[in-house]
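Here the structure is laid out as structure tokens; the discussion comes afterwards.
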Amino acid sequence: MEPQVDTNTLSALAEPYVSAEVQPAANPDKKTTSSVEGTFGTRVLENDAKVFEHNAWDNVEWDEEQEREALEVIQKQAGAMVGDSDRERYDKEAPLFWDDFYSRNANKFFKDRHWLRIEFPELFENLPKDTKERFNVMEIGCGAGNTVFPLISEAADANLFVYACDYSKVAVDVVKSNPEYNESKCRAFVFDVTSENPPPEVEAESVDICICIFVLSAIHPSTWERAVRNIWKVLKPGGLVMFRDYGRYDLAQLRFKGGRMLEDNFYIRGDGTRVYFFTNEEIGSMFKDFIIEQNGVDRRLIVNRSRKLKMYRVWLQGKFRKPLSGTAPTSG
Ligand SMILES: C[S@@+](CC[C@H](N)C(=O)[O-])C[C@H]1O[C@@H](n2cnc3c(N)ncnc32)[C@H](O)[C@@H]1O
């Protein structure tokens with residue numbers, strides 16, 4: 001996610017919300033099942049002495065030392081885990097914390113995802129025009145609509161329909177109150193992706209593309225399978241999941257202090273919202289029943305030139321295709 005804050009000052013990166021995202025660097029449209037380091041970026045740091053000459057560097061390699069330091073930070077965090085009763089409360093009341101978040105921020109927090117066309121060109125290719133067959137996109141965890149509205153406006157002359165769901169009622173109300181909201185193009189509704197069943201608003205196997213941007217990190221790891229099963233059920237055979245989310249050792253993870261870790265790599269922010277930091281392996285096994293077309297890591301070094309600070313960002317990006325035949329994933 002990309003809050004509208006200055007990502008170059010550390011104070012802007014403090015809890016409760018670390019700036020989650022800057023615009024992806026370049027088109028990683030490369031089919032691979034492994035890391036796609038090297039495909040995202042355009043500006044590569046070749047000489048460490050020049051690190052403060054630009055604001056950002058792409059595809060930054062991590063050395064063993066950095067990895068060791070990251071692990072040390074995480075071990076320290078694990079020394080002061082959130083207590084059981086708080087953990088249960090954060091789990092039970094999770095949507096309410098997001099309600100509070102959107103009550104405070106409405107649609108002023110995240111920037112619009114204008115990079116969709118670059119990173120996820122499949123959303124715009126082969127869109128039907130003037131045909132009876134509608135192209136259905138579903139966004140899970142649509143928040144304030146920062147993906148939905150740019151998408152609808154970019155594809156204004158196509159026969160595109162967007163289902164926008166979120167388990168925060170306040171978020172859904174924010175989407176519905178947007179002047180661009182138009183039920184001939186979009187339908188927003190409350191839905192928890194970890195529910196037992198897919199949403200009644202969406203016909204089974206009717207969705208061409210399902211978008212999950214910074215949402216799966218917000219759900220408890222024990223519910224990943226249910227979420228993926230619901231996504232599977234709404235997708236057409238051959239349909240695609242477009243995924244972008246936090247990666248392991250992202251700055252946002254390493255900046256958590258004691259008393260914030262709920263479980264391994266799963267944290268509670270100061271505002272009560274939760275966040276997980278994934279590895280490619282975890283994402284690969286979560287979507288194991290899909291054809292993995294991309295499962296990449298986007299590493300960026302963001303530099304504060306005046307304060308000589310280096311901030312390492314790690315995001316994962318993936319494209320997972322539902323096979324033309326196959327049965328729904330079962331829960332383990
Ligand atoms: C980090 S925000 C991302 C919002 C939006 N995808 C974006 O990138 O701007 C995560 C969103 O996921 C929603 N969310 C979290 N858990 C959810 C769940 N189990 N089902 C549906 N939405 C969920 C939250 O309410 C919040 O709006």
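Remember, it's 1-based here, ligands and their atoms both numbered in the order they're listed.
Residue Trp98 places no N or O, backbone or side chain, under 3.5 Å from any N or O of ligand 1. Ligand 1 has a nitrogen or oxygen under 3.5 angstrom from a nitrogen or oxygen of Tyr102. At under 3.5 Å, not a single nitrogen or oxygen of Ile219, backbone or side chain, sits near a nitrogen or oxygen of ligand 1. Checked by distance only, ligand 1 and Val193 come closer than 3.5 Å through their nitrogen or oxygen atoms. Note: an N/O pair closer than 3.5 Å links Ile213 and ligand 1 by distance alone. No N or O atom of Thr194 sits closer than 3.5 Å to an N or O atom of ligand 1.
Annotation for ligand 1: atoms under 4.0 Å from non-hydrogen atoms of Phe214 are 1 (C), 2 (S), 3 (C), 10 (C). Close contacts between ligand 1 and Glu139 involve ligand atoms 6 (N) [criterion: under 4.0 Å to a heavy atom]. The Ser168 neighbourhood of ligand 1 comprises atoms 25 (O), with distances under 4.0 Å to a heavy atom of that residue. Close approach to Ala218 involves these atoms of ligand 1, each under 4.0 Å from a residue heavy atom: 15 (C). Below 4.0 Å from some heavy atom of Asp192 lie the following atoms of ligand 1, by number and element: 18 (C), 19 (N), 20 (N). Near Phe191, meaning under 4.0 Å from any of its heavy atoms, are these atoms of ligand 1: 20 (N), 21 (C). For ligand 1, the atoms lying closer than 4.0 Å to a non-hydrogen atom of Phe110 are 9 (O).
Checked for salt-bridge contact, Asp91 and Arg274 meet the test: a charged N lies under 4.0 Å from a carboxylate O.
Results of the side chain to side chain contact (heavy atoms under 4.5 Å, CB included) test with Val314 over Asp250, Asp298, Thr279 single out Asp250 as the only residue that passes. With respect to Tyr90, the ring-ring contact (aromatic ring centres under 6.0 Å, His included) criterion is satisfied by exactly one of Phe97, Trp98, Tyr267: Phe97.
Residue pairs meeting the salt bridge (charged side-chain N to carboxylate O under 4.0 Å, His left out) criterion with at least one member in residues 209-219: none, sequence neighbours excluded.
The aromatic rings of Phe109 and Phe101 stand perpendicular to each other, their planes meeting at an angle above 60°, with 30° marking the opposite boundary. Between Phe320 and Phe290, the angle of the ring planes goes over 60°, which puts this pair in the perpendicular group of the 30/60° scheme.
Using 4.0 Å as the threshold, Ile140 has no heavy atom nearer than that to any atom of ligand 1. Heavy-atom distances between Asp166 and ligand 1 reach below 4.0 Å in at least one pair.
Side-chain contact check for Leu251 versus Leu254: every heavy-atom pair is 4.5 Å or farther apart. Taking 4.5 Å as the limit, some side-chain heavy atom of Phe214 sits within range of a side-chain heavy atom of Tyr246.
For Thr194 and Asp192, the side-chain atoms include at least one donor-acceptor pair closer than 3.5 Å.
Listed by chain and residue number, Thr131, Lys236 satisfy the side-chain contact (heavy atoms from CB on, under 4.5 Å) test with Glu133 (two or more places apart in sequence, or in another chain).
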